[in-house]
Amino acid sequence: MIEVKDLHMHFGGIHAVDGVSLSFEGGRITGLIGPNGAGKTTLFNVIAGLHQPTSGQVLLDGADITGLKPHELFAKGMLRTFQIAQEFSTLTVRENLMMVPANQSGERLLDTWIRPAQVAREEEQVRAKADEVIEFLEISQVADELAGNLSGGQKKLLELGRTMMVDAKIVFLDEVGAGVNRTLLNTLGDAILRLQKERGYTFCMIEHDMDFISRLCDPVIVMAEGAVLTQGSIDEVKANELVIEAYLGTGLKNKPEAVS
Amino acid sequence: MDGALNSFLLLSNFVLVPGMAYGSQLAIGALGVTLVYGILRFSNFAHGDTMAFGTMAVILVTWLLQAWGVSISPLPTALLALPFGILATIVLLLLTDRWVYRFFRREKAAPVVFLIASVGVMFVMNGVVRFIIGPNDQRFADGERFIIKAREFKRLTGMNEGVAFKTSQGLTIVTAVIVVAALFWFLNRTRAGKSMRAYSDNEDLALLSGINPERVVMITWILAAALATIAGTLYGLDKSFKPFTYFQLLLPIFASAIVGGLGNPLGAIAGGFIIAFSEVTVTYAYKKFLAYNLPPDWAPDSLMQLLSTDYKFAVSFVILVLVLLIRPTGIFRGKAI
């Protein structure tokens with residue numbers, strides 16, 4: 001589980017994150033919502049090691065991970081995906097996945113000469129793992145396609161696949177649903193739920209799509225103006241006056257079915 | 001008919017064969033530049049002098065081997081010395097990286113800062129080479145000079161024109177094929193090669209995926225050292241070794257890499273041959289060629305040379321400027337500078 005303690009992130013005079021304390025429980029899918037400019041992505045970036053926080057602490061299972069570099073967090077099983085999917089466009093989907101595990105002996109020139117058997121064995125294991133991930137995500141039809149040719153939604157699936165290659169413990173999804181069509185969104189949602197239930201993944205996602213959040217997330221944390229407004233189940237959050245005012249807009253008070 | 005065949009042989013002798021050899025040398029040189037650009041994202045101006053350093057190392061080892069009486073005649077002894085030259089150059093480039101470029105990488109310096117730093121490195125390497133081996137011409141080719149001599153060719157075929165094929169030219173072309181095949185196999189088939197491509201493609205994601213950037217950089221320098229030494233040695237065997245010539249080679253090599261598309265290995269090879277053949281065809285004297293193909297009284301008196309060989313570097317320069325004006329990403333759509 002991840003604990004954030006009194007985190008501040010200031011950019012000059014702007015207090016993007018202004019004293020946030022919260023925790024993401026292990027084995028659950030926590031949704032992070034809030035109006036634009038609430039500081040969600042900044043909070044993500046600080047937790048994921050892209051920014052050094054102005055003050056405050058981030059703990060992973062009790063250990064201080066504040067300010068660690070992305071690849072150091074990666075080694076601890078903490079991964080983030082991007083709002084705009086990232087991929088190695090000139091490698092195939094399978095090669096993209098096989099690139100993920102760190103410290104493969106084949107990446108060292110010397111080992112390819114003096115320990116070819118070990119390199120081949122490792123390569124075989126990684127390939128088997130990649131094939132399993134491809135099957136899990138049901139993307140075998142594009143496995144040998146260059147990743148640069150995938151559709152936006154398929155790239156998001158690939159992002160999810162990347163987290164599976166290393167059996168990540170905690171995955172941060174930044175607007176995984178953005179720009180993805182309904183059908184693929186359902187596939188993505190299914191994959192996320194299965195990863196959580198079958199493999200005990202912890203997810204934490206920024207999302208704007210209310211249907212998607214209702215289906216996946218429990219609990220939901222609401223941020224506004226750099227601080228946590230409230231948290232609870234999606235129904236509790238939706239019923240909260242403060243949230244309706246800050247985020248859902250006053251017009252929705254009268255027709256709550258619009259968000260369910 | 002005889003005239004046409006003879007003129008073809010003439011062109012083979014003075015354009016096709018030398019162009020192929022020179023093109024292969026430029027291609028291997030440009031591959032080094034393009035790899036460094038693809039991974040480290042700067043134009044390495046020290047590449048020409050890296051070639052000079054590598055060739056110098058090869059020459060020194062060659063002399064040593066010759067003194068010991070080691071020989072692989074009819075092949076030049078330099079081939080035997082090549083691996084040692086490569087090793088020495090790898091050490092040089094890794095030390096340069098540690099002492100110079102790594103600092104700027106940590107500072108996250110802009111590419112232009114790296115470029116200027118590489119100019120500095122160029123001057124230092126230049127000085128080191130001249131200090132050790134001197135500024136003069138060195139010939140180190142031994143073994144059989146020709147695979148086939150012009151006179152022999154004439155005798156065998158009974159033609160007026162002979163095609164000479166130098167050992168160094170044959171070696172250059174064979175080596176270029178092997179080097180290119182090995183490099184592409186490495187980049188496309190091995191894990192280390194793929195991690196290089198991944199790093200070149202999307203640096204942020206590569207870092208996030210736990211690809212060790214320092215290791216990728218190290219492999220890049222090792223490859224650049226090997227390519228530079230091979231290209232330099234082949235050029236030196238074919239012509240001769242003179243530190244200043246290698247500094248001048250920088251221009252056609254950069255032109256090759258940019259024409260093909262910086263950062264694109266295939267482009268570097270295509271660019272190498274384009275530049276080489278442009279240079280050779282523009283500086284070739286067409287007098288004899290025209291004499292074969294025109295009625296006798298039309299035959300020109302002048303050399304019919306478009307450009308004196310003294311100006312051969314102008315050819316690459318013009319092509320370079322044209323490509324940058326018209327299509328800055330190069331033929332194979334590399335990265336724009």
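Just so we're on the same page: letters track the sequence lines, and every chain starts at 1. Scope of the values below: all heavy atoms of this structure, side chains included, with no hydrogens, waters or symmetry mates. Because the structure is predicted, anything quoted here is derived from the model rather than measured.
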Original post:
Taking only heavy atoms into account, what residues of residues 187-196 of chain B are found under 4.5 Å from chain A?
Top reply: Asn188(B), Arg191(B), Ala192(B), Lys194(B), Ser195(B)

Original post:
Heavy-atom distance under 4.5 Å to chain B: side chain of Gln86(A), backbone, both or neither?
Top reply: both

Original post:
By a 4.5 Å heavy-atom criterion (distance strictly below it), what part of Met98(A) contacts chain B: side chain, backbone, both, or neither?
Top reply: both

Counting only heavy atoms not in [X], do more than 12 fall under 6.0 Å of its [atom1]?
X: Gln118(A); atom1: CD; answer: yes
X: Arg199(A); atom1: CZ; answer: yes
X: Arg327(B); atom1: CZ; answer: yes
X: Lys76(A); atom1: NZ; answer: no
X: Phe84(B); atom1: CZ; answer: no

Original post:
Where the side chain of Asp201(B) meets the backbone of Ser89(A), is there a donor-acceptor pair that is under 3.5 Å apart?
Top reply: yes

Original post:
Between the side chain of Arg197(B) and the main-chain N/O of Thr90(A), is any donor-acceptor distance below 3.5 Å?
Top reply: yes

Subject >> Selection residues 84-97 of chain B - residue pairs positive for side chain to side chain donor-acceptor pair (under 3.5 Å), sequence neighbours left out >> reply: Thr89(B)-Thr229(B), Asp97(B)-Arg105(B), Asp97(B)-Trp221(B)

Subject >> Shortest non-hydrogen contact from Asn202(B) toward Glu87(A) >> reply: ND2-O, 3.4 Å

**OP:** Determine, step by step, whether Met99(A) and Leu205(B) satisfy the side-chain contact (heavy atoms from CB on, under 4.5 Å) criterion, reporting the C-alpha distance in whole Å, the side-chain angles of both residues, the deciding distance to 0.1 Å, and the verdict.
**Re:** CA-CA 10 Å; Met99(A) 198 54 68; Leu205(B) 185 57; over 6 Å; no

**OP:** Go through Ile211(B), Asp204(B), Ile222(B) and name the one with the most non-hydrogen pairs under 4.5 angstrom from chain A.
**Re:** Ile211(B)

